[in-house]
Amino acid sequence: MAAPRIEADLAKVGHNAQSLVGRLGARGIRVTGVTKAALGWPALARTLLAAGAHGLGDSRLANVEGLRQAGVEARITLLRSPMIGDAARVVRSADVSCNSEPLVMKALSVAAEEAGVRHGVLLMVELGDLREGVMPDDVERAARLVRDLPGLHLHGLGANLACQSGIGPDARNMAELTHLAGVAEAMSGDRLAVVSGGGSSNLEWALGGADVGRIDDLRLGEGILLGREPLHRTPIDWLHTDAFALVAEVIEAKVKPSLPWGTMGETAFGPAGRPIDRGDRPRAIVALGHQDTDPAGLVPPEGMTVLGASSDHLVLDPGDHQLEVGSEVRFAVGYSALVRAMTSPFVTRVEAAVAPSA
Ligand SMILES: *Cc1c(COP(=O)(O)O)cnc(C)c1O
């Protein structure tokens with residue numbers, strides 16, 4: 001089989017999604033299934049919907065369009081604020097988009113009127129992580145703008161945490177979002193369809209028994225795909241953490257000295273490490289590098305060590321493993337390695353074979 005490749009076990013992803021939908025549902029929170037880490041893969045989208053996600057989210061317009069072309073009809077939210085020049089495409093493919101800028105919302109309204117649709121706005125609110133969102137004091141004004149723009153309707157309020165500054169959800173900022181939902185509703189005169197508290201980094205908060213207030217939606221990617229909450233990267237013990245693996249082929253396997261020799265400068269990716277002298281050691285190269293994945297986000301099989309990586313080569317100390325040229329190595333992936341591999345043109349994606357039943 002072609003390498004490098006991402007092997008995706010969609011049955012495990014489905015189990016994760018279903019478990020999260022169930023546990024969050026018991027707290028009054030629904031799940032928007034986020035497909036961006038898998039390049040808007042339609043099979044993933046269908047898996048999430050079958051597991052009970054009440055809609056889909058993706059940050060890239062091209063992914064949203066790809067989902068539509070594949071026949072996915074569920075509600076899709078564009079998770080990154082549209083670029084003004086994309087307004088016409090956005091209103092044609094996405095039902096809802098995250099927004100924080102009047103100029104963009106005006107362009108969306110014009111485009112929506114031309115297309116004969118009403119486009120939903122998920123108004124993003126800044127709660128302290130300092131990425132996207134209007135400041136809390138501006139929520140009322142922004143809600144009024146949306147109400148007054150004929151091509152738009154206020155679908156809901158959203159917040160994003162733990163992406164820029166590492167500020168996580170807590171009782172205070174979540175209560176503020178609940179309060180602001182009331183402010184926006186008083187202005188628009190309609191009940192908001194969605195109050196979206198954040199992404200997978202909200203899981204600990206949402207499942208921890210806190211009062212969830214008006215928050216009734218989370219936009220989940222990493223938690224579903226990798227079974228971890230991103231705030232502390234803790235595995236969630238009732239979820240699969242191995243639904244995805246990255247497989248690469250060994251292209252050199254030799255015994256070499258463990259210390260380099262010659263005059264030392266920097267490597268292609270910065271200063272070289274300082275290896276310790278362990279005498280002659282087996283050393284293997286797999287055909288995998290920064291162009292394929294984030295090497296820092298790979299976890300090699302037990303006993304193997306990643307010694308370094310450049311654009312195209314990943315060097316391993318195989319430990320007790322017998323690595324021969326042509327053999328394959330399976331790496332577990334963290335979020336950064338998964339996203340980069342899924343979006344690299346050099347990495348293929350295959351559905352892991354379902355184990356034959358006995
Ligand atoms: C990517 C993204 C999400 C999903 O984040 P996860 O941590 O993968 O759950 C949610 N909201 C926005 C705005 C995003 O860009």
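Counting starts at 1 for both ligands and their atoms, following the listed order.
- Between Gly223 and ligand 1, no N or O atom pair is found at a separation short of 3.5 Å.
- Here Glu222 does not pair with Lys36 in a salt bridge; the nearest charged N to carboxylate O distance is not below 4.0 Å.
- Per-residue contacts place Leu220 under 4.0 angstrom from the following atoms of ligand 1 (heavy atoms of the residue considered): 9 (O).
- No salt bridge links Glu114 with Arg92; every basic N to acidic carboxylate O contact stays at or beyond 4.0 Å.
- Of the protein's non-hydrogen atoms, Ser200 OG, 2.5 Å is the one closest to atom 9 (O) of ligand 1.
- Within the structure, ligand 1 has Arg131 among the residues with a heavy atom less than 4.0 angstrom away.
- Arg219 NE, 2.9 Å is the protein heavy atom nearest to atom 11 (N) of ligand 1.
- Remark: the His119 side chain and the Ser97 side chain contain an N/O donor-acceptor pair separated by less than 3.5 Å.
- Scanning all protein heavy atoms for the shortest distance to atom 1 (C) of ligand 1 gives Lys36 NZ, 1.2 Å.
- Closest protein heavy atom to atom 8 (O) of ligand 1: Glu222 N, 2.8 Å.
- At a 3.5 angstrom cut-off on N or O pairs, Ser201 does not count as close to ligand 1.
- Looking at Asn202 and Arg219, their side chains never bring a donor and an acceptor atom within 3.5 Å of each other.
- Between Glu73 and Arg68 there is no salt bridge, since no side-chain N of the basic residue sits under 4.0 Å from a carboxylate O of the acidic one.
- By the 3.5 Å distance cut-off applied to N or O atoms, Glu132 is not counted among the residues near ligand 1.
- In this model, no donor atom of one side chain and acceptor atom of the other lie less than 3.5 Å apart for Ser188 and Arg147.
- Residue contacts with ligand 1 for Asn160 involve side-chain atoms from C-beta outward but no N, CA, C or O (heavy atoms, distance under 4.0 Å).
- Between Asp317 and Arg281, at least one side-chain N (NZ, or NE/NH1/NH2) sits under 4.0 Å from a carboxylate O, which counts as a salt bridge.
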